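One structure is given below, encoded as C-alpha cells.
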Amino acid sequence: MQQSLRKDRFPLAEAVARSHIWFAMLRQYELVERVKSYDPNADEALLNRAYVYTVQKHGTQKRASGDPYFSHPVEVAGLMTDLKLDQETIITALLHDTVEDTLATIDDIEAQFGPEVARLVDGVTKLSKIEQMPEDERAAENLRKFLLAMSEDLRVLLVKLADRLHNMRTLHHIKSPDKRQRIARETMEIYAPLAERVGMYEYMREMQLLAFEQLEPEAFTTIGDRLNLLRQSDAGQVDRIALDIKHALSEAELDVEVWGREKHPYSIWRKMAERHLPFEQVTDIMAFRVLTDSVADCYHALGVLHRAFHFVPGRFKDYISTPKSNGYKSLHTTLFYDQSMRVEVQIRTREMHRTNGFGLAAHWAYKQGGRHDGEVAWLRDLIEIVDASHDAEELLEHTKLAIYQDRIFAFTPKGALFQLPKGASAVDFAFAVHTDLGAQTVGAKINGRHMPLRTPLGNGDVVEIIKGRSAEPQLSWLGFVVTGKARAAIRRFNRAKERKEVAEIGTKLFEEIAERLPAKVGKKAVKQAVDRLELQDHEDFMYAIGSAKLSDREVMEALMPGSTLDLPEEPVQSRAISIKGLTPGMGFELAECCHPVPGDRIVGLRRPHKTVMVHAIDCLELANGVDADWIDLSWGERSQGAVGRLSVTLYNRPGTLAETAAVFAQNNANVINLELTERDDPFHTYEADLEVGDLAHLTRIISALRATDSVAQAERG
C-alpha cells in the first residue's frame, strides 16, 4: 500500500506568511502555459494579447505595496488558472480593473476580446464605481450590483472573489488602519460567506484568517502563540493520531489517505466566543481528513472508526446523503482519542475532496458545451431579495441572513428537500418553497401534527403548509422568521398594502380638491397633471396626495394652472412627533407601558375604530400576546417632545432629590412628572417622566444619574 500520510498540516498559516512577503509575478509565458496545461485548445494569441493589454493600460500605476499595479490582475488571473477556468475567465481576470482604473472602455474590450469577455468585465467593473457613497449604502449597492451580475454569470463572482482574496493578501501595505478595518469587515461579512455559499472553502478560510488578523489583532496573536506552544509540546501528536486512524482503516483493508491539521485561529476564536470558553477548554482544535476511493468506502470507514474509537453523540453529520446547498459532500464525526481528547474527522472520496475545496468553480472546469448556468437555488433567492428590499439597510440585513447562517434540512410531504438556516420556522419553509405559498400560509403541520407557525424546525422535519385563498402575510411574522427571503417578501407585501390604502385615501382627498376648482376635471387633465408633477401614473398621483407629499395648492395648480392665484396661503401644519408607516390622517399615541422615544425600534398596534398605539419592539405587553394588527413603523424627521420614563432609586438622605433634579436640568430634560413609588430604607424609588429628544439623550441622562453619589440605581421604567 502506498504511503499516504500527508504533511501539509498548516496550509492557512503558511498562506498568511506568504502574503506578507514579496513574490515574483507570473510571467506572460507562464500564465499561458498554465492555461494550455488543462485546456490545449485555448487561444494562445488571445491570452498573450490580454496580458500585454493590461500591462500597457495600467502602465506606471503603483499599488500601495509599491509593486506595479498590473501585478494584481496578473495574480488574480493566476488564481483563476488554479481553478482551471476557461480562457474567457482568465482574460476577464487580466482586464477586470482596466475600465475602472484606465482609459479603456467596455467598447474597447468588446472590439479586442469579444462580447462575452466584455460582458464579464462589465459585470466586475460595475461593483467598483460606488466608492464615494456612505459606507452602509456603498456596501448595499455593491452587493446589489454584485448579486445581479452573479445571476447572469457565476464567473463574475469567481473573478471578484479572487480579486478580493489577492487584495486581502496585500492588505497590510495600506497605511490607513480605518481603511484596512473597513475592507476586512466587508470581507468577513460579505465575501467570505459568499465564498462558502459557492463551496470555495479554501478562499473562505484564507479570507477569514486575513480579515481576523486585522479586525482582532490581539486575539489573532494570542491564539497564534498558543497554537505555537501547543505545536512545540505535542511531540508530533497530530502525526501520531493520523497514523492511528490510518492503521485502524488499513486493518479493515481500506486504501485511504489520512492527514491532520489544526483548525485556523479564526475558527478557534469563533468557537471560544460562541461557547464562552477559554482556549484551554476548546477540545476539538485538531481535525483530520480521510480520503477514500468510493462512497461505499466512506461509510465503511465511518463504521470502522466508530468501532475503534468512542464517538461523541450528536456530532455526526451526513453531507453525502444530504449535501449542502453549495454541493459540499462529506461525512463528519467527532471521536474521543485517549479517552479525553476530541478530534474531528471528515471522510470523503477523492473526487468529493477536489470539488469541496473550490465548490462550483471546480464543477465549472468540468462542464462542457453551451452557456454556463451559474444560477443555483440560493442565488435565485438572493436575487428575489434584491428586488424586494426597500433600502440599503434592509438589503444588507436580508442578504446577510441568506448567506451567513448554518443550515438544517426539512422536507415537503412529497419528499422535496429544502435547506434553511437554524431556527427557521414553518413560515420560512413556506417562502422557501414558493413566495406565493408563503403569502397564503395560514397554518402548518410538522411531522403530521398541527403546530404554531413560529415553531422552529429541526433536521428531518416533514412540513405541510396549510394555505388560504384570502390569506395575507402578517407583519407580526417578522418577530420570528429568520430567512432573508421571508422577511423581504413580508415587508414588500405590507408596503404594497399600505401603498394601496394610502392611494385610496388620496383618491377621496382628490375628489374634495377637484370640487374646489372653477371647472370640472376630466381624465385628460389628470394625465397632464401626472406629467407636470413627473409622477409615474395615476396611482402614484393618488399616493402622493394621500401621503401628503403634495399640498392641496400643488394638486390644484397641476390640474388647472393658474387656479390658485387668488387663494390664501395654506397654514403650515406641524406636530412634535412624526411617525413613518401610518396612513395619513391616522391618529396615534405613544404607549405608556413602555414609553418609546425616538431611537427605539417601534411597532404599531391597530384595532378597529381606535387610535394606533405605538410600542417599543421589546415591550413586555407585546410578549403577552395582543389581538390587533401589527404595523411596521419608524420615527419621522420631527422628534421633539417624546416622554421617556425612568426608575431612579436614591439614597434616603438630605439633598439627593435636589442633586437628581440638577442632573435633569444639566442635561436639558424637562420633568413632566415625578412620583415616589417605593420606600425601602435606606432607599427611595421615584418614577420620573422626562421630555427628551431621543434615545441617545435619555441614555446620557441615565449615565449621568449612575455617576452621581446620590443614585443607587437608574434604569428605564
Side-chain angles (χ1 to χ4, degrees), residues 18-35 43-82 85 87-114 117-133 138 142 145 156 158-184 186-187 191 210 214:
R18 286 197 305 272
S19 73
H20 288 264
I21 61 174
W22 186 87
F23 54 89
M25 183 183 70
L26 267 178
R27 297 179 182 179
Q28 181 176 342
Y29 75 89
E30 291 174 328
L31 180 67
V32 174
E33 285 179 354
R34 283 195 185 190
V35 179
D43 188 335
E44 185 173 340
L46 195 63
L47 290 167
N48 281 321
R49 193 159 74 245
Y51 190 104
V52 172
Y53 188 88
T54 195
V55 170
Q56 290 177 338
K57 288 298 179 182
H58 288 293
T60 59
Q61 293 174 348
K62 299 286 186 182
R63 288 175 60 78
S65 62
D67 293 335
Y69 189 91
F70 56 75
S71 65
H72 167 67
V74 169
E75 291 304 321
V76 173
L79 289 170
M80 296 290 90
T81 64
D82 291 339
L85 292 174
Q87 69 178 27
E88 285 77 17
T89 310
I90 307 302
I91 295 171
T92 298
L94 286 169
L95 306 179
H96 77 271
D97 278 336
T98 54
V99 174
E100 180 189 359
D101 294 332
T102 77
L103 297 177
T105 67
I106 291 297
D107 290 339
D108 295 337
I109 301 294
E110 182 169 355
Q112 294 246 22
F113 303 100
V117 169
R119 177 174 55 81
L120 292 173
V121 171
D122 188 44
V124 180
T125 301
K126 284 178 179 176
L127 312 181
S128 306
K129 293 184 176 179
I130 47 180
E131 292 301 322
Q132 304 305 316
M133 298 174 67
R138 179 176 64 243
N142 193 334
K145 291 181 178 179
V156 172
L158 301 182
V159 172
K160 187 61 182 178
L161 290 177
D163 170 60
R164 179 52 63 110
L165 178 59
H166 185 256
N167 281 333
M168 287 301 297
R169 287 177 175 177
T170 57
L171 185 62
H172 56 285
H173 290 297
I174 294 177
K175 294 181 180 179
S176 168
D178 290 343
K179 186 174 182 180
R180 291 200 304 269
Q181 289 258 328
R182 177 183 64 76
I183 294 171
E186 188 178 63
T187 300
Y191 292 101
L210 293 165
Q214 295 293 333

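Values in this document were obtained by computation on a predicted structure and should not be read as measured data.
Between atom CG of residue Asp122 and atom CD of residue Glu110 there is a gap of 10.0 Å, rounded to the nearest 0.5 Å. Here OG1 of Thr187 is found 4.5 Å from CE of Met168. Values are rounded to the nearest 0.5 Å. Rounded to the nearest 0.5 Å, atoms CD (Gln112) and OG1 (Thr98) are 10.5 Å apart. For the atom pair Tyr51 OH and Gln28 CD, the distance stands at 6.5 Å (nearest 0.5 Å). If you take NE2 on His58 and OH on Tyr53, they are separated by 9.5 Å, rounding to the nearest 0.5 Å.
Among the candidates Val159, Thr92, Leu95, Leu158, the single residue satisfying the side-chain contact (heavy atoms from CB on, under 4.5 Å) test with Leu120 is Thr92.
When all heavy atoms are compared, the tightest approach of Gln214 to Ala184 is CB-CB, 3.8 Å.
Scanning for salt bridge (Lys or Arg N to Asp or Glu O under 4.0 Å) contacts around Asp163 gives Lys160, with sequence neighbours left out.
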Given Val74 and Leu94, is the side-chain contact (heavy atoms from CB on, under 4.5 Å) satisfied, shown in steps?
CA-CA 6 Å; Val74 169; Leu94 286 169; 4.1 Å; yes
Decide side-chain contact (heavy atoms from CB on, under 4.5 Å) for Arg164 and Ile183; before the verdict, give the C-alpha distance in whole Å, the side-chain angles of both, and the deciding distance to 0.1 Å.
CA-CA 9 Å; Arg164 179 52 63 110; Ile183 294 171; 3.8 Å; yes
Where do Asp178 and Gln181 land on the side-chain contact (heavy atoms from CB on, under 4.5 Å) test, with the steps shown first?
CA-CA 5 Å; Asp178 290 343; Gln181 289 258 328; 5.5 Å; no
Can you list the steps and then say if Thr81 with Glu33 is a side-chain contact (heavy atoms from CB on, under 4.5 Å)?
CA-CA 10 Å; Thr81 64; Glu33 285 179 354; over 6 Å; no
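A heavy-atom distance below 4.5 Å is not found between the side chains of Arg49 and Ile91.
Using a 4.0 Å cut-off between a side-chain N of Lys or Arg and a carboxylate O of Asp or Glu, Arg34 and Asp82 qualify as a salt bridge.
Using a 30° and 60° split on the angle between ring planes, His72 and His96 fall in the perpendicular class, above 60°.
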